[in-house]
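Positions are given from 1, in the same order as the sequence printed here. All values derive from a computational prediction rather than experimental measurement. Both backbone and side-chain heavy atoms feed into the values below; hydrogens, waters and symmetry mates do not.
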Amino acid sequence: MKFKQVRRWVFAFVLAIAFGLPAQAQESRLDVVVKRDKLIVATYSTAPPLAFTDEKGQLVGFEIDLARLIAKDLLGDPNKIEFMIVQSEGRFPSVLSGRADFAIAATTIYPERAAKVAFTTPYMDSGVAVIVRRDANVRSLADLNNEKFTITGQNNPQNAERAKRFVPKAKTLWFDNPSELLLAVKSGRATAMETDVPIADYFALQNKDLVVLPDLVEKLGVANNAIFMKPGDFTWWLFLDTVVNEMRYGSRYQEYSDLFHKWFGKDPPPQRFYIGKPK
């Protein structure tokens with residue numbers, strides 16, 4: 001056996017170990033989706049304005065429209081898509097098991113999450129807000145930090161940590177379904193809820209008895225929501241990441257801007273500044 005051939009094999013083996021890739025090439029999920037001629041996407045159905053069921057029973061929302069744009073880019077038809085409805089605890093297993101091609105489910109990027117799933121570039125700048133009942137006369141987190149109040153949120157470690165850090169005296173109540181959070185606050189079971197900023201703003205706009213507290217957003221700053229998928233498939237990740245980048249900053253920005261206006265009633269963050277030729 002020639003030395004150069006052995007060296008190439010050794011080099012390929014080292015790369016496979018270094019990047020966590022299989023020694024034998026495997027079919028990318030991109031090829032699977034194209035052959036199937038349909039996208040399978042995991043999402044919520046109870047998180048307005050991102051993904052929810054409207055009065056006609058149709059699944060709608062900002063994230064739903066984004067997923068349809070991806071189907072249009074890849075398969076030429078925004079309707080060549082099947083949505084898999086998941087709860088909070090089922091969103092990561094949906095992609096890790098291979099049942100969904102990717103998930104878009106109001107999911108913030110955290111390092112501990114990135115250790116198990118692959119995130120694209122964020123499709124939306126977000127953050128975490130607290131929304132409270134107006135009749136509770138709570139104007140800040142300091143006011144909410146009282147044992148007579150209860151804060152609710154989705155059942156995950158991040159929400160629990162924030163409640164412990166900012167309102168340790170308040171009682172907590174956790175749910176897996178986003179719609180249960182609003183019901184708990186509206187019914188009086190909870191005084192306040194943690195949720196993503198766009199959802200909080202939407203709920204406050206639709207419910208005049210609710211108000212958003214600004215100080216949690218100020219304390220934590222900007223977070224990022226992103227599409228995620230099973231790791232280890234660079235080709236599939238690169239396609240999805242490219243599409244998101246083109247929506248946020250490039251050739252699909254106008255479509256992205258139209259969706260932003262449709263669901264949030266405001267302009268999205270601007271595209272990258274173009275530097276022309278020097279004069």
Side-chain angles (χ1 to χ4, degrees), residues 44 46-52 62-63 87-92 104-117 119 122-226 228 264 266 269:
Y44 289 152
T46 54
L50 302 180
F52 64 104
F62 179 70
E63 293 180 337
Q87 304 299 327
S88 179
E89 77 282 2
R91 52 186 164 164
F92 299 118
I104 181 167
T107 301
T108 305
I109 300 174
Y110 294 113
E112 58 268 34
R113 291 176 175 176
K116 60 182 179 180
V117 296
F119 286 102
Y123 58 82
M124 182 176 67
D125 296 331
S126 183
V128 180
V130 171
I131 190 167
V132 300
R133 293 173 59 92
R134 195 177 293 274
D135 60 9
N137 294 317
V138 171
R139 294 178 174 80
S140 67
L141 287 176
D143 293 341
L144 187 61
N145 187 29
N146 190 306
E147 60 187 11
K148 71 179 181 179
F149 296 134
T150 298
I151 186 169
T152 186
Q154 283 188 251
N155 188 17
N156 62 55
Q158 293 79 23
N159 280 336
E161 188 276 331
R162 282 188 289 266
K164 184 177 180 181
R165 187 185 353 161
F166 295 111
V167 288
K169 294 180 181 178
K171 301 180 184 69
T172 56
L173 182 64
W174 308 117
F175 294 101
D176 290 324
N177 190 326
S179 64
E180 293 179 302
L181 310 182
L182 180 63
L183 181 60
V185 174
K186 295 282 287 183
S187 67
R189 291 184 64 194
T191 315
M193 62 181 280
E194 288 186 61
T195 190
D196 286 355
V197 171
I199 298 175
D201 289 341
Y202 182 85
F203 282 156
L205 185 64
Q206 300 293 320
N207 300 271
K208 300 305 180 184
D209 55 334
L210 303 179
V211 62
V212 178
L213 297 182
D215 44 351
L216 187 59
V217 181
E218 293 168 0
K219 290 177 184 297
L220 296 179
V222 175
N224 298 294
N225 286 14
F228 59 94
F264 305 125
K266 59 184 179 181

Study note, to complete from the structure: For N225 and T108, the nearest pair of non-hydrogen atoms, with its separation, is OD1-OG1, 3.3 Å
Review point. Which pair of non-hydrogen atoms, one from I131 and one from A204, has the smallest distance, and what is that distance?
Key: CD1-N, 3.7 Å
Practice item. Supply the atom-to-atom distance I199 CD1 to L181 CG, rounded to the nearest 0.5 angstrom. Key: 8.5 Å
Check your understanding: Is there a side-chain contact (heavy atoms from CB on, under 4.5 Å) between F166 and N145 once you walk through the steps?
Key -> CA-CA 7 Å; F166 295 111; N145 187 29; over 6 Å; no
Check your understanding: Can you name the nearest heavy-atom pair linking W174 to A163, along with the distance?
Key -> CH2-CB, 4.0 Å
Check your understanding: Can you check whether D176's main-chain N or O pairs, donor with acceptor, with E89's side chain at less than 3.5 Å?
Key -> no
Point to revise | Closest non-hydrogen atom pair, T150 against L173 | key: CG2-CB, 4.0 Å
**Study point:** Passing candidate, side chain to side chain contact (heavy atoms under 4.5 Å, CB included) with M193, options I151, N159, V132, T152
**Key:** T152
Point to revise | Inter-residue atom distance T107.OG1 - N224.CG, 0.5 Å rounding | key: 12.5 Å
Review point. Is the shortest heavy-atom distance from the side chain of L50 to the side chain of M124 under 4.5 Å?
Key: yes
Review point. Salt bridge (charged side-chain N to carboxylate O under 4.0 Å, His left out): which pairs involve residues 198-216, sequence neighbours left out?
Key: K186-D209
Review point. Quick one: does T172's side chain get under 4.5 Å of K164's, heavy atoms only?
Key: no
Review point. Taking all non-hydrogen atoms of both residues, which atom of F52 and which atom of A47 are closest, and how far apart?
Key: CB-N, 4.1 Å
Point to revise | Nearest-0.5 Å distance, CZ of residue R189 to NZ of residue K171 | key: 13.5 Å
Check your understanding: So how far is it from T195 OG1 to L216 CG, rounded to the nearest 0.5 Å?
Key -> 11.0 Å
Review point. Side chain to side chain contact (heavy atoms under 4.5 Å, CB included) with V130: which of V211, L141, T191, V138?
Key: L141
Check your understanding: Does the side chain of N155 come within less than 4.5 Å of S88's, by heavy atoms?
Key -> no
Exercise for review: Would you mind listing every salt bridge (charged side-chain N to carboxylate O under 4.0 Å, His left out) that reaches into residues 138-162, with sequence neighbours excluded?
Suggested key: E161-R165, R162-E194
**Study point:** Side-chain heavy atoms of K169 within contact of N146, under 4.5 Å
**Key:** no
**Study point:** F92 vs R113, side-chain contact (heavy atoms from CB on, under 4.5 Å): CA-CA, chis, key distance, verdict
**Key:** CA-CA 9 Å; F92 299 118; R113 291 176 175 176; 3.7 Å; yes
Point to revise | Atom of F203, atom of L210 and distance for their closest heavy-atom approach | key: O-CD1, 4.4 Å
Check your understanding: With a 4.5 Å heavy-atom cut-off, do Y123 and I104 have their side chains touching?
Key -> yes
